[in-house]
Peer 1: 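This is the structure I have questions about; it appears just below.
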Amino acid sequence: MKRLSALAYCSLIIALSLHCSDHKQVAAKASVTNLPHLDTLRQHFWQSKAITVVYPASMDSILNTLSTALDPFEVRMVDAKQAKPEDLKGSLFLIGTPENNPWICNTPLRPAIRFQPPSILLNGQAVPEDAVAFLSFYPNPRDPFFPMFLATASDERQLREALAQRIREGFSAFGWGGWQYEVYQGPYRIRCGKYHPKDWTPEAEQQFQAASTDLVPPSAACFEYHWHGDSTNIASFRSFAQACDQQAAAVLAFCGTSWSGGPIPVHGFPGMEAKGMALNNTSPLQVSIDANRVDAIVDPIYATYWLGPQNQYLLRKILEAPQFPILEAGLALRFNPDWQKQGITYWKRRLAHTGLLPALSELEAFWSDEYQSPFLRQLTAAAFCDFLLQQWGKAAFLENYANWRPDAAALLSMERDWRGYLLENAIIPEPRETGTAPYLKGFNFAHEGYAIYNGYGSELAAGMLEEQFNLGANAVAIVPYSYMRTPNAPQPLSIMSRAGTENDESVIRDLVYARQLGLQTVLKPQIWMGGGHWPGDVKMDNEADWEAFFGHYTRWIVHYALMAEVYEADVFCVGVEFAQATIARSDAWREVIQTVRALYSGQLTYAANWGPEFERLTFWDELDLIGLNCYYPLSEAQNPSEAELSERFEQILQKARAVSKTFGRPLVLTEIGFTSTANPWQQPHLDGDGQTYSGSAQLRCYHIVTQALARSTDWCRGVLWWKYPSYPTLGGEGHTGFTPNNKPAEEQLPELFGQLPR
């Protein structure tokens with residue numbers, strides 16, 4: 001949670017009725033001193049929950065859904081020609097060009113925005129004539145304790161298209177709470193950044209500019225390749241292009257035709273961060289048929305494993321859109337022999353026995369369900385097309401492709417053959433060979449940044465993984481989240497997809513990169529709950545709700561189990577801290593574990609909360625490792641002795657050892673941590689907000705734990721500290737949270753890790 005700074009004083013002399021041609025006069029009359037802190041703007045914005053939008057009437061058709069997009073804020077829409085100075089108080093959103101909205105020019109936003117006809121200058125740089133500029137959370141000159149937002153361009157058509165796109169993508173694409181200035185040229189963000197929260201100058205370390213684009217000659221007629229990177233990895237893009245061309249040739253051969261359309265632009269980006277910064281979308285492959293473009297991440301981590309959807313573009317042009325959309329999506333994937341490394345046929349055979357692929361009566365609902373695993377949805381679509389090709393033959397398949405729309409009876413008539421097809425040559429997984437598993441020593445790696453450049457998948461996150469390795473860690477837990485709104489009502493669990501969240505591509509990038517560094521990997525999906533709740537509060541009121549909860553949970557957790565299998569995580573955690581649900585419903589958890597075991601061949605654990613859950617859990621025998629989130633208090637004293645702290649932690653370890661011995665399973669501390677506060681041993685599970693900073697007290701606890709663990713090697717096989725951040729500036733002197741980053745504990749981590757077994 002961000003702390004709000006003291007309110008800053010702001011004094012502005014503003015001109016209210018000057019025309020754009022008088023920009024020099026505006027500059028002369030506008031004097032800015034002591035702008036408010038960014039936190040002040042955010043505080044007032046969220047407290048008021050109201051905003052005025054001043055816009056030209058000519059853009060009515062584009063903005064008629066803006067009120068819905070801004071829900072739950074009260075939105076007041078004002079025609080720019082009818083607006084008065086008093087309308088521009090409070091939180092304000094100005095939309096328009098300098099020509100169709102005079103308030104755009106008559107609102108002094110220097111030095112951020114200046115108008116120098118015919119140019120718009122953003123931070124002193126001209127905005128291209130075919131581009132659109134956005135400004136977010138900037139002090140409103142007419143009411144400086146409230147934020148102002150701006151969307152402007154030289155050309156109204158460009159502005160209309162950009163606004164329509166931003167509204168379709170979600171209003172967060174404007175940068176509210178994220179980027180404070182952005183420039184879009186067509187679909188691509190070519191510039192963005194943030195201002196210093198106090199003096200409002202652009203922050204150098206948080207400014208991004210798109211790389212220049214090179215045209216890579218195509219080797220086939222279908223695609224035209226554009227490279228958004230430098231020469232260091234353009235060879236990877238050429239290999240990527242070759243795979244696209246090979247699949248395109250296979251599509252054309254299957255359809256018995258040649259390509260007669262124009263070249264389809266394919267834009268390649270050298271990494272997840274580069275694509276995300278340009279498009280607010282970090283998907284490894286993004287196909288926009290209506291917008292006539294394909295955008296891809298060209299990174300060996302994803303290689304060609306995500307290709308396939310680009311073939312829909314060709315199929316749409318050759319065969320037109322089918323009445324049954326699953327046919328287009330599934331057929332397109334069949335032409336990628338490397339889909340998710342092994343290809344469609346392998347994964348169909350590999351998952352046939354799991355029961356996770358739907359009956360044909362459930363096919364359409366399964367395909368359209370946004371909460372289903374995208375891996376399973378894609379696999380189901382491709383397998384169904386393969387099944388039809390076997391049943392009908394290619395000629396009949398192509399004849400039926402466009403207009404076939406099966407009813408329930410038609411699908412039911414094929415059900416028996418479908419089940420036989422799925423089970424044909426099924427592969428029963430063998431446990432993965434692990435040899436002598438190393439003692440795990442490392443961190444829970446936290447996705448702390450939500451602005452693409454500072455969370456999972458970013459260059460900063462890669463650097464922080466390297467930092468952990470250099471500190472002596474040999475393991476890392478990657479922790480993607482979903483959320484529940486309430487602990488007492490079942491609800492579907494979302495798989496994060498928005499850029500900047502712990503989405504699949506970012507989790508996979510860091511999972512694979514950590515393995516490349518030599519770190520053992522633990523994939524540990526968790527549920528976040530707001531309103532002061534945590535997973536330990538989950539408790540349903542009746543049998544139907546419990547059944548629904550476990551249905552939702554299983555659907556969610558198998559997605560990550562499949563990810564762990566494809567990308568070879570060493571350990572998978574089936575749940576975290578469901579303190580009531582595990583005790584009350586142990587048989588249901590056994591079913592979850594058995595489902596996960598059917599598709600994941602690595603080691604399984606569960607991260608139990610300290611106390612009654614850990615001590616009373618009965619399904620440890622289903623797992624390979626006992627997981628303990630260890631936040632037992634070490635002392636109630638303000639300044640306990642070393643002997644007292646050590647004795648108490650030894651008692652905790654004996655309790656843990658007893659559970660390990662009872663079930664015959666080794667134990668890993670899946671979480672343990674201490675804040676950098678004066679008395680972190682008293683209530684280790686609490687964060688350090690509002691407390692006095694003490695890096696030495698945190699270090700003291702690290703020493704106590706490490707010394708005890710060094711003596712407990714036969715049954716305890718690892719410790720994963722909570723937690724290490726995804727960007728380097730989180731932590732340090734005065735930061736009272738759990739991370740040791742830039743604190744005394746970090747300086748001694750090499751020595752502490754070195755004391756633990758190998």
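Only a predicted model underlies this, so the values are computations on that prediction, with no experimental measurement involved.
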Peer 1: Has N503 got a side-chain atom pairing as donor or acceptor with R498's backbone, closer than 3.5 angstrom?
Peer 2: yes
Peer 1: Say whether E156 and T97, considering side chains only, have a donor N or O and an acceptor N or O under 3.5 Å apart.
Peer 2: no
Peer 1: Indicate yes or no for a side-chain donor-acceptor contact from D87 to the backbone of K84 under 3.5 Å, with no hydrogens or angles considered.
Peer 2: yes
Peer 1: Do I95 and V53 have side-chain heavy atoms sitting under 4.5 Å apart?
Peer 2: yes
Peer 1: Any chance the side chains of Y55 and D60 put a donor and an acceptor closer than 3.5 Å?
Peer 2: yes
Peer 1: Using a distance-only test with no angle check, is there a side-chain donor-acceptor pair under 3.5 angstrom linking D504 and H559?
Peer 2: yes
Peer 1: Are the side chains of W259 and I318 in contact, using a 4.5 Å heavy-atom criterion?
Peer 2: yes
Peer 1: Does the pair E161/R157 count as a salt bridge with the N-to-O cut at 4.0 Å?
Peer 2: yes
Peer 1: Given the side-chain rings of F93 and F73, with only the six-membered ring counted for Trp, is the space between their centroids under 6.0 Å?
Peer 2: no
Peer 1: If the plane angle is over 60° it's perpendicular, under 30° parallel, otherwise tilted; pick one for H267 and H228.
Peer 2: tilted
Peer 1: Side chains of Q185 and D130 only: does a donor on one sit below 3.5 Å from an acceptor on the other?
Peer 2: yes
Peer 1: Would the F137 and Y195 ring centres measure less than 6.0 Å apart?
Peer 2: no
Peer 1: Taking side chain to side chain donor-acceptor pair (under 3.5 Å) as the criterion, tell me which of T282, N281, N280 meets it with K275.
Peer 2: N281
Peer 1: Evaluate the ring planes of F237 and Y225, with Trp represented by its six-membered ring, and classify them as parallel (under 30°), tilted (30 to 60°) or perpendicular (over 60°).
Peer 2: perpendicular
Peer 1: Please report whether the ring centroid of F134 lies less than 6.0 Å from that of Y181.
Peer 2: no
Peer 1: Below 4.5 Å, heavy atoms only, C-beta onward: do Q286 and W306 meet side chain to side chain?
Peer 2: no
Peer 1: Do I51 and F45 pass the side-chain contact (heavy atoms from CB on, under 4.5 Å) test, and can you show the C-alpha distance, the side-chain angles, and the key distance before you say yes or no?
Peer 2: CA-CA 8 Å; I51 188 169; F45 179 63; 4.3 Å; yes
Peer 1: Checking F223 against Y313 for the ring pair (Phe, Tyr, Trp, His ring centres under 6.0 Å) test, could you report, in this order, the C-alpha distance in whole Å, the side-chain angles of both residues, the deciding distance, and whether it holds?
Peer 2: CA-CA 10 Å; F223 297 118; Y313 210 131; 7.7 Å; no
Peer 1: Indicate yes or no for a side-chain donor-acceptor contact from S91 to the backbone of F146 under 3.5 Å, with no hydrogens or angles considered.
Peer 2: no
Peer 1: Can you establish whether the number of heavy atoms outside Q323 located under 6.0 Å from its atom CD is more than 12?
Peer 2: yes
Peer 1: Should the heavy atoms of other residues, nucleotides or ligands under 6.0 Å from CD of E129 be counted, would the total exceed 12?
Peer 2: no
Peer 1: Using 30° and 60° as the class limits, which term best fits the ring planes of Y453 and F208: parallel, tilted or perpendicular?
Peer 2: tilted
Peer 1: Between E203 and K194, does at least one N-O distance fall below 4.0 Å, as a salt bridge requires?
Peer 2: no
